[in-house]
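Everything on this sheet refers to the single structure shown next.
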Amino acid sequence: MDRLSSSPRLMIVSDLDHTMVDHHDPENLSILRFNALWEAKYRQDSLLVFSTGRSPTLYKQLRREKPMLTPDITIMSVGTEITYGNDMVQDEGWIEFLNQKWDKQIVSEETSKFSELTMQSETEQRRHKASFYVKKENAQEVMKTLSERLAKRGLDIKIIYSGGMDLDILPKGAGKGQALAYLHKKLKEKGKLPKNTLACGDSGNDAELFTIPDVHGVIVKNAQEELLQWHAENAKNNPKIIHANERCAAGIIEAIGHFKLGPNISSRDVTDLSDAKLDHFDPAYEVVKFFLFYERWRRAEVENHEVYLSNLKSVCSPSGVFVHPLGVHQSLHVCIDKLKDCCGDKKEEQYRVWVDQVFPSQIDSDTWLVKFQKWEQTGQEQQGCLTTVVVSSKGVKPTEGLTWLHVHQTWMEGTTKNSRNDWFF
Ligand code: GLC
Ligand code: MG
């Protein structure tokens with residue numbers, strides 16, 4: 001949050017399961033489209049917030065399975081835990097606030113009296129969240145009786161039903177919406193209230209996100225019945241909340257366009273990237289484009305044509321060097337020659353490449369240092385490298401693209417040894 005010196009241009013607050021992440025798309029196309037758009041056009045001056053029902057344990061698991069970006073802020077356990085940055089530093093103030101009129105022991109005693117409730121796994125029981133499964137047909141009745149009983153015992157709680165099966169019991173002041181309101185208040189105090197906020201969701205626990213003042217909202221196409229019902233009863237005529245025509249992250253991109261919140265064309269939607277010229281230098285955009293080309297090359301989605309490689313060579317300095325994460329260094333031109341051998345080598349596989357946290361900084365009048373994480377996923381396996389690139393605008397026009405002078409990579413923690421032998425860039 002502190003990396004921005006002024007108000008973020010856009011703050012996206014998105015649910016994960018069935019909103020940012022489409023569990024019915026093994027190719028992960030919509031999230032990858034969103035990633036390319038975010039890194040090229042928003043990362044530097046906007047805030048990405050993930051707001052999930054998952055505990056930290058299940059959240060981290062999802063990150064290992066899907067091509068997810070790193071958010072600036074993570075709201076987990078249905079708005080009961082807020083963390084900041086890559087180190088996921090807890091917001092202690094929020095924890096303190098949620099302690100009011102909350103006693104988990106009493107919640108356990110009262111819930112144990114309902115045979116309709118089945119406890120969720122141990123990882124999903126958190127300090128300010130008790131979670132169960134309950135059948136749709138029993139949900140309303142259980143929620144009503146349980147809230148009466150807990151109120152009688154002096155607790156101030158809320159019960160949320162999501163996905164037609166999950167029942168969460170939280171302190172009254174908790175929840176995804178309240179967590180967002182809390183963040184808005186904090187940002188405002190620092191003079192950094194976002195110019196626009198877009199909330200994105202698909203199920204019951206997302207409903208309160210859409211009740212926060214001045215928030216645009218998108219209910220993705222594939223939303224759950226309970227959220228559609230909430231929309232029909234509470235927000236049908238509210239032009240700031242739309243039910244998208246597109247599924248999951250594609251619905252988020254659709255909403256960015258619908259509300260005119262900024263650029264809404266992902267580089268992934270551009271077939272011929274060599275046509276996508278700019279009228280100004282944009283290092284983040286060039287990094288996104290380069291690795292998208294690289295993915296397409298290895299998936300054989302571009303023709304194995306000399307022209308592409310010579311174009312690529314023409315934007316690399318002849319004295320440019322690539323320091324491979326294995327510690328070997330080579331001329332950039334030699335590396336590009338080597339790409340000939342890997343055209344289409346991932347054709348039959350679910351192979352994807354994306355970049356995360358692309359941060360360019362201008363180091364002199366015509367040079368930028370761009371830092372980011374570059375990731376590859378083949379099937380279920382992810383590999384990543386911390387990457388630094390130096391690019392220069394000396395002697396070139398924006399339409400020609402920046403000149404790459406240096407690329408340096410280091411394996412990210414967790415990348416296994418046996419998956420490192422076909423890493424070209
Ligand atoms: C996630 C959590 C679960 C919760 C559900 C709905 O699936 O893991 O505990 O009940 O979201 O909020
Ligand atoms: Mg969801």
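Whatever order the structure lists ligands and atoms in, that order sets their numbers, starting from 1. It should be emphasised that the depicted structure is a prediction, and the values quoted were computed from it without experimental measurement.
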Under 6.0 Å between ring centres: does that hold for [X] and [Y]?
| X | Y | answer |
| --- | --- | --- |
| Y182 | H184 | no |
| Y161 | F132 | no |
| W94 | F97 | yes |

inquiry  = Between the Mg ion (ligand 2) and D202, which N, O or S atom of the residue is the nearest one?
reply    = OD1

task = Starting from the Mg ion (ligand 2), look over the N/O/S atoms of D17 and name the nearest one.
result = O

Quick check for students: name every N or O atom pair between ligand 1 and the protein closer than 3.5 Å, with distances.
residue	atom	partner	partner atom	Å
ligand 1	8 (O)	E124	OE1	2.6
ligand 1	9 (O)	Q120	OE1	2.5
ligand 1	9 (O)	K129	NZ	2.7
ligand 1	10 (O)	Q120	NE2	2.9
ligand 1	10 (O)	D168	OD1	2.6
ligand 1	10 (O)	D168	OD2	3.4
ligand 1	12 (O)	D168	OD2	2.6
ligand 1	12 (O)	N205	ND2	2.7

query = Does Y285 have K41 sitting over its ring (NZ/CZ under 6.0 Å from centre, angle to axis within 45°)?
reply = yes

message = Rounded to the nearest 0.5 Å, what separates atom CG in D72 from atom CG in L4?
response = 7.0 Å

key: Backbone or side-chain N/O/S of D15 under 2.8 Å of the Mg ion (ligand 2)   = yes

task = Describe, in one word, how the ring planes of H406 and H408 are oriented to each other, choosing from parallel (under 30°), tilted (30 to 60°) and perpendicular (over 60°).
result = tilted

Ion pair check, E295 and K374, cut-off under 4.0 Å = no

